[in-house]
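For reference, the structure is listed below as C-alpha cells.
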Amino acid sequence: MLDAPAVRAWCHLALDALGQAREEIDAINVYPVPDGDTGTNLYLTVESAAQAVDAVFSGYGTSDESPSFGDVVRAMAHGALIGARGNSGVILAQLLRGMSEVLAPDGDGSPCDADQLRRALRRAAASAYEAVAHPVQGTVLTVASAAATAAEAEPGGLAAVARAAHQGARTALAATPDQLQALAKAGVVDAGGRGLVAVLAALADAAVGDTPMGPLAYVQGPPAHGIAPAGCDRGDPHAVPGGPAFEVIYLLDATDAALPALRAKLDRLGDSLVVVGGGGLWKVHVHVDDAGAAVEAGIEAGRPHRIRITHFGAAAAPGRHEPGERALRAVVAVVEGDGLARLYTRAGATVLLAEPDQPPASGDLAGAIRRAHAREVVLLPNDASLRNTAAVAAERARQDGVRVALIPTRSVVQGIAALAVHEPAHRFDEDVVAMTAAAGATRHAQLAIAESQSWTMAGVCQAGDVLGLIDGDVAVIGAEVAATATTLLDRMLAAGGEMVTLVVGATAPEGLAERLEAHVHDHHLAVDTVVYHGGQETCPLLIGVE
C-alpha cells in the first residue's frame with residue numbers, strides 16, 4: 001500500500017539510491033550540456049523533497065496522530081520544486097508534481113491504489129512534456145512516458161503496477177542511445193533517465209515494503225550500455241562549442257496568465273527551457289548567453305527569487321576563491337553533543353553540530369566547508385548514513401575551487417583517531433592517508449536502547465533492552481547499561497587493542513566511565529583508556545578501540 005509512511009520511505013530509498021549512483025550518473029551526463037552534474041542535481045532535488053516530507057512528520061512530534069497521505073504527497077512535490085537543481089532536477093520536480101495532482105487533488109486524499117498510480121504516472125509524464133519547451137526523444141521524458149505506458153498495461157495490484165513502471169523505464173533507458181545521437185556517440189544511456197529509473201525502483205520497493213534491490217538494480221539497464229567507456233569523446237565537460245554560456249534557474253511568484261509571454265521570451269533567448277510548478281509558484285530553468293535578460297524576463301512576469309546563475313565554462317575552475325585570504329587546510333567534522341563539539345573545536349576542526357535524529361543535509365555540510373574558508377579541506381562525516389550526503393557536499397565545494405578529501409568515518413571515535421594524527425604541515429595527500437589509516441584502524445561500537453521488539457544479529461530484543469552494536473551490527477543484548485557495556489568491551493578487546501576511547505552520552509548512568517575504566521585496567525593489561533564526555537543524546541556510550 002502506498003500511504004503516508006510509504007511515501008516517506010520512497011523519498012529516503014530514492015535518496016539512498018541516487019547517493020550511491022550519483023558519481024556514475026554524473027559520469028554519463030552528456031546531454032543537453034556535458035557538465036557532469038546530473039546525478040548531483042537529482043540527489044539535491046530528492047534531498048529537498050525528503051526534507052519537506054520529514055518536516056511534515058516532525059510537526060506531529062510524539063503524538064498518536066500522523067500526517068495525512070495528501071499532506072505528505074504535496075510536501076514531497078513542493079520540496080522537490082523548491083530544491084530542484086539543473087535540467088533533470090527541474091523535470092523530476094514536475095514529474096512529482098504531476099503525480100501529486102492525481103494522488104492528492106483536493107483535501108487530504110486517500111492512500112494510493114493501483115488505478116490511481118497508473119493515472120498518476122501518466123499525468124506525471126504528460127505534465128513533464130508540457131513543461132519542456134522543445135521535448136526531445138531519448139531523454140528522461142521518454143523514460144517517464146514508457147514507465148506510464150507499462151503501468152497502464154499491467155492489470156495487477158499496486159505493487160505489480162509499480163514494478164511494471166520500473167521495468168518499463170529500464171527498457172526505455174536502454175534504448176535511449178538509439179534515439180539521441182549525443183548518447184550514441186558517447187556510448188552511454190541518458191543520465192536523467194537513469195536517475196528516474198532509480199526513483200521508480202525506490203517507488204516499487206516502498207509500495208511492496210521489500211528490502212531495496214541494491215544500487216545496480218536501481219540504475220542499470222541491460223548491459224548493452226553502461227557508463228562512458230574510458231577514453232570516449234565527451235567533449236569539454238563544462239561547455240558546448242557555440243552553445244549558451246550560462247544556466248539560469250530561479251523560483252518565480254507569478255500568475256498562470258503571465259507564463260505564456262515568459263516562455264516565449266525565454267525561448268527566444270536560449271535553449272533547454274523548462275518551466276514547472278503551478279498555483280502561483282514556478283521553477284524556471286534555461287540556458288542563455290544573456291543571464292541578465294533571463295532574470296529580467298522573470299521580473300516582467302512576477303517576482304523571481306532564489307536566483308542561481310552558473311557559467312558553464314567556470315563551473316569547476318580551480319582559480320575561483322572567496323574574498324579574503326583562505327587558510328591552507330581545515331578539517332570539517334559532523335558531531336552530536338556539546339561535549340564532542342568542544343573536543344573537536346579544541347583539536348582545530350570546524351564543527352557542524354547535528355541535532356538528534358535530524359541528520360544534516362548536503363547544503364549544511366557545504367556551508368560548513370565554506371565557513372572553514374580553506375583551500376584544502378578534510379571532511380569527517382562520522383556517520384555511515386552521511387557518506388552520500390558528504391560526497392555531494394564535497395563535490396559542490398570542489399566546484400568552488402576547494403580541494404576536498406572525504407574520509408568515510410562511520411563514528412565520532414574514528415574521527416577522533418583521525419584528528420589525533422592530523423598534521424597541517426604535511427603534504428595534503430600524506431595527511432589524508434595518515435588520517436584515513438588511523439580511522440580505519442579504529443573499531444567502533446555503541447550502546448542503544450531498543451524501542452520495540454525486533455530481530456537482530458544477536459537474537460530477539462524487547463522494547464527497553466540495551467543493545468551493544470559493533471560496527472553497526474547488534475552483538476550484545478542486555479538488561480542493564482553498565483553490564484552490557486562491559487560485555488561489549490570484552491568482545492571488542494578479545495580481538496586485540498592498545499587504546500580504548502569512551503565517549504559518554506547525556507543519558508549514561510552515573511559512574512559508567514569509571515566502572516569501565518577500572519574493568520579495562522583489571523582485565524586487559526597494557527590497554528590505555530581515555531574518556532570524553534560527549535553529551536550526545538541518541539546513545540549513552542560510544543566506544544573506540546585502536
Gap between atom CG of Leu15 and atom OG1 of Thr45 - 0.5 Å precision: 10.5 Å
Side chain to side chain donor-acceptor pair (under 3.5 Å) assessment of Asp54 paired with His12: CA-CA 10 Å; Asp54 286 343; His12 285 278; 3.0 Å; yes
Gln94 side chain vs Gly277 backbone, donor-acceptor pair below 3.5 Å: yes
Heavy-atom side-chain contact between Leu353 and Val335 under 4.5 Å: yes
Val46 to Ala14 - nearest heavy-atom pair and separation: CG1-CB, 4.1 Å
Value rounded to 0.5 Å, distance of CG in Asp431 from CD1 in Ile407: 7.5 Å
Check: Asp383 side chain, Ser385 main-chain N or O, donor-acceptor pair, under 3.5 Å: yes
Close side-chain approach of His444 to Asp471, heavy-atom, < 4.5 Å: yes
Nearest non-hydrogen partners of Ala254 and Leu259, listed with the distance: CB-CD2, 4.4 Å
Side-chain heavy atoms of Leu502 within contact of Val530, under 4.5 Å: no
Side-chain touch Leu386/Pro360, heavy atoms, less than 4.5 angstrom: yes
Modelled atom types, side-chain donor and acceptor of Ser411 and Gln446, under 3.5 Å: no
His422 atom NE2, over 12 foreign heavy atoms within 6.0 Å: yes
Any donor-acceptor pair under 3.5 Å from Trp10 side chain to Asp205 backbone: no
side-chain contact (heavy atoms from CB on, under 4.5 Å) evaluation trace for Asn388 with Asp16: CA-CA 8 Å; Asn388 292 327; Asp16 183 59; 3.7 Å; yes
Side chain to side chain, Leu92 and Leu196, heavy atoms closer than 4.5 Å: yes
Considering all heavy atoms, the nearest Ile249-Ala84 contact: CG2-O, 4.5 Å
Polar side-chain atom of Arg387 near backbone of Gly19 as donor-acceptor pair, under 3.5 Å: no
Non-hydrogen side-chain atoms of Trp282 and Leu81 separated by less than 4.5 Å: no
side-chain contact (heavy atoms from CB on, under 4.5 Å) evaluation trace for Val72 with Met76: CA-CA 6 Å; Val72 173; Met76 174 183 66; 5.6 Å; no
Heavy-atom donor-acceptor pair, Asp26 side chain to Gly39 backbone, under 3.5 Å: yes
Heavy-atom side-chain proximity of Val503 to Ile416 below 4.5 angstrom: yes
Whether Ser48 side chain and Gly79 backbone form a donor-acceptor pair below 3.5 Å: yes
Glu101, CD: over 12 other non-hydrogen atoms inside 6.0 angstrom: yes
Check against side-chain contact (heavy atoms from CB on, under 4.5 Å), Leu447 and Cys539: CA-CA 6 Å; Leu447 294 186; Cys539 60; 5.6 Å; no
Distance in Å, His285 NE2 paired with Ile91 CD1, rounded so as to fall on 0.5 Å steps: 8.0 Å
Least distance between heavy atoms, Leu95 atom then Ala144 atom: CD2-CB, 3.8 Å
Donor-acceptor contact below 3.5 Å, side chain Glu376 vs main chain Arg329: no
Point-to-point distance, once rounded to the nearest 0.5 Å, from CG of Leu173 to OG1 of Thr176: 5.0 Å
Whether Arg97 side chain and Ala77 backbone form a donor-acceptor pair below 3.5 Å: no
Side chain Asp364, main chain Ala361, donor-acceptor under 3.5 Å: yes
Test item: side-chain donor near acceptor, His134 and Asp267, under 3.5 Å: yes
Euclidean distance, Asp190 CG relative to Ile25 CD1, rounded to 0.5 Å: 10.0 Å
Closest non-hydrogen atom pair between Pro67 and Val56, with its separation: CB-CG1, 3.4 Å
Side-chain donor/acceptor of Tyr43 to backbone N/O of Gln20, under 3.5 Å: no
Distance, nearest 0.5 Å, that separates CD of Glu336 from CG of Leu352: 11.5 Å
Arg403 to Phe428, cation-pi by 6.0 Å centre distance and 45° axis angle: no
Ile543 and Val413, any side-chain heavy atoms less than 4.5 Å apart: no
Test side-chain contact (heavy atoms from CB on, under 4.5 Å) applied to Leu269 and Val286, step by step: CA-CA 9 Å; Leu269 286 172; Val286 67; 5.8 Å; no
Leu96 versus Ala80, closest heavy-atom pair with distance: CD1-CB, 3.8 Å
